[in-house]
Asks: 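Here it is, the structure in full.
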Amino acid sequence: MAVSPPSGSGDGRCDPRRTLEALVGVPFTEGNSVDVLPNGDSFFPAVLRAIRGSTRSVDMLWFLWGTGDITTEVAEALAERAGAGVRVRLLLDGFGARGIDGSLVELLRRSDCLVEFYRPLLSPRLTVLNMRTHRRALVCDETVAFTGGHGIDTAWTGHGSTPQHWRDTGYRVSGPAVEGIRSTFAAAWVQTPHALLTGTDTFPSPSHTGTAAIQVLRVQSQPGWNEAALAIELLVSCARHRVRVATPYARIPHRLVERMAAAVRRGVQVQLMVPGPHVDRAVAHLQEQHGYQALLDAGIEIWHFGPTMLHSKVITVDGRFAMVGTTNLDTRSLALNEQVVMVIDHPATVSTLDELYDADLLNSRRLGQEEWQRRGRGQRAIESVASAVGYPLRGLGALGLTGRRP
């Protein structure tokens, strides 16, 4: 019989950085620069400048490639660089990029860009079809990298304040942490027929470009909770004052609910921001609502973001640490899908993220305990059915991996 950990474990007296290094086993690198790029109107111009300015190599691993003008703009930028002799490699998830325009793939390949699809849906490898690469990693000239939650799609363009323009946050990184992000591309590219190393790779010594310390986690699909789940548990367990979470999907594993509840009991403010009226997957959000009562009973604040679909994936702790990248707070991200995560120890960067969170709170509505308890029996029944229906992909599919109920 599984034994639950003590409900009060974690007292906020641990040092998060040393705890993460010791128990996750990945060191922080010093001397990094991080630029926070909220929404598409700051993220995509930075990405396109980096691609167009590349002189040797562009390596891009991306989960979602959809439709719209931005897909043509990015493809044309990649194709132009490949045609100019730059090594360009593009690896797209077989599920997330299933809607890509075939003419763009032809354009890229005609321009000598190597394009592959990770774990294609038409594959005999049935055991991995439900384990996708959810990563976003772009590395240009081995010196600058991008990650975050954006898809290459119209929904991610714009300012993140109207229903047509989703709210998301991306990151441009330079310094030693680029190598960690680059390794996430390498781990996926080695599964293609192409060589991983070519004469283009020079492996320049990473220069210190800033003052941020970053721990890069190359999160794998694996038996048991992955490194992202471990990092979240440790950050919450070490928190002393405040934990802020923004996530598009909040089907939170029972284990992490217990850790968050323990943090509240020792006086930590825990805030959870999720999409409000604008959602992309109604069933997924009904599943998360099935768990709201336990969160509210624990004293966790739930905030519904109002203007558009919230797609940011951000955790900040005590104004010093942030965990960002591609991980959602749900079982699919914490056990099934491959992710790329940055844990950032840099008060200035965390301050920027907290300022964005404050601005988002002004456009959010807090869910009250009494309001939630007043919802009708029909709504409760729909939540329960959605939770049961979603288990094969989001819950039950991870039972054999986690060793505990998800």
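Quick caveat, the model's predicted, so the values are computed rather than measured.
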Asks: Can you list everything that forms a ring-ring contact (aromatic ring centres under 6.0 Å, His included) with W303? Sequence neighbours excluded, please.
Replies: none
Asks: Is it the case that the side chains of E227 and Q339 hold a donor-acceptor pair, with the cut-off being a distance below 3.5 Å and no angle test?
Replies: no
Asks: Could you verify whether a donor N or O on one side chain and an acceptor N or O on the other, from T133 and D93, lie under 3.5 Å apart?
Replies: no
Asks: Does Y357 have more than 12 heavy atoms from other residues, nucleotides or ligands lying within 6.0 Å of its OH?
Replies: yes
Asks: Considering residues at least two apart in sequence or located in another chain, which fulfil the side chain to side chain donor-acceptor pair (under 3.5 Å) criterion with H304?
Replies: Y292
Asks: Would you please name every residue forming a side chain to side chain donor-acceptor pair (under 3.5 Å) with D360, sequence neighbours left out?
Replies: R167
Asks: Just wondering, are more than 12 heavy atoms of other shown residues or ligands nearer than 6.0 Å to CG in L121?
Replies: yes
Asks: For the pair S33 (side chain) and G210 (backbone), establish whether a donor and an acceptor sit closer than 3.5 Å, ignoring hydrogens and angles.
Replies: no
Asks: Looking only at heavy atoms, what is the nearest atom pair of P176 and P206, with distance?
Replies: CA-CB, 3.6 Å
Asks: For S54 and C140, which heavy atoms make the closest approach, and how far apart are they?
Replies: OG-CB, 3.3 Å
Asks: Please list, chain by chain and in numerical order, all residues satisfying side chain to side chain contact (heavy atoms under 4.5 Å, CB included) with Q269, sequence neighbours excluded.
Replies: R242, Q271, E301
Asks: So, the side chain of N226 versus the backbone of A228: is there a donor-acceptor pair under 3.5 Å, distance only?
Replies: yes
Asks: So, applying salt bridge (charged side-chain N to carboxylate O under 4.0 Å, His left out) with E338, which one of R132, R119, R136 is it?
Replies: R119
Asks: Once ring-ring contact (aromatic ring centres under 6.0 Å, His included) is applied, do any residues pair with Y171, and if so which ones, sequence neighbours excluded?
Replies: none
Asks: Over all heavy atoms of both residues, which pair between P248 and L310 is shortest? Give the atoms and the distance, please.
Replies: CB-O, 3.2 Å
Asks: Hey, can you tell me if Y249 and H285 have their rings parallel, tilted or perpendicular (30° and 60° cut-offs)?
Replies: tilted
Asks: Looking at R255 and E258, is there a salt bridge between them, counting it only when a charged N and a carboxylate O are closer than 4.0 Å?
Replies: no
Asks: Honestly, is R182 close enough over F185, meaning NZ or CZ under 6.0 Å from the six-membered ring centre and within 45° of the axis?
Replies: no
Asks: Looking only at heavy atoms, what is the nearest atom pair of C238 and P16, with distance?
Replies: CB-CG, 3.8 Å
Asks: What pairs with H278 under ring-ring contact (aromatic ring centres under 6.0 Å, His included), at least two apart in sequence or on another chain?
Replies: none
Asks: The criterion is ring-ring contact (aromatic ring centres under 6.0 Å, His included); which residues satisfy it with H208, sequence neighbours excluded?
Replies: none
Asks: Of all the heavy-atom pairs spanning D59 and R89, show the shortest one and how long it is.
Replies: OD1-NE, 2.8 Å
Asks: Among residues two or more places apart or on two chains, list those pairs meeting side-chain hydrogen bond (donor to acceptor under 3.5 Å, both in side chains) that have a residue in residues 99-109.
Replies: D101-S103
Asks: Run the side chain to side chain contact (heavy atoms under 4.5 Å, CB included) test against R377 and tell me which residues pass, sequence neighbours left out.
Replies: none
Asks: Can you pull the salt bridge (charged side-chain N to carboxylate O under 4.0 Å, His left out) pairs that have at least one residue in residues 339-351, sequence neighbours excluded?
Replies: R17-D345, R320-D345
Asks: Could you tell me if the side chain of R244 sits less than 4.5 Å from the side chain of D358, heavy atoms only?
Replies: yes
Asks: Let me have the donor-acceptor pairs involving side chains of residues 61-75, under 3.5 Å, with sequence neighbours excluded, atom names and distances please.
Replies:
residue: W62; atom: NE1; partner: H150; partner atom: O; Å: 2.9
residue: T71; atom: OG1; partner: G68; partner atom: O; Å: 2.6

Asks: Listed by chain and number, what are the side chain to side chain contact (heavy atoms under 4.5 Å, CB included) partners of E370, not counting sequence neighbours?
Replies: R374
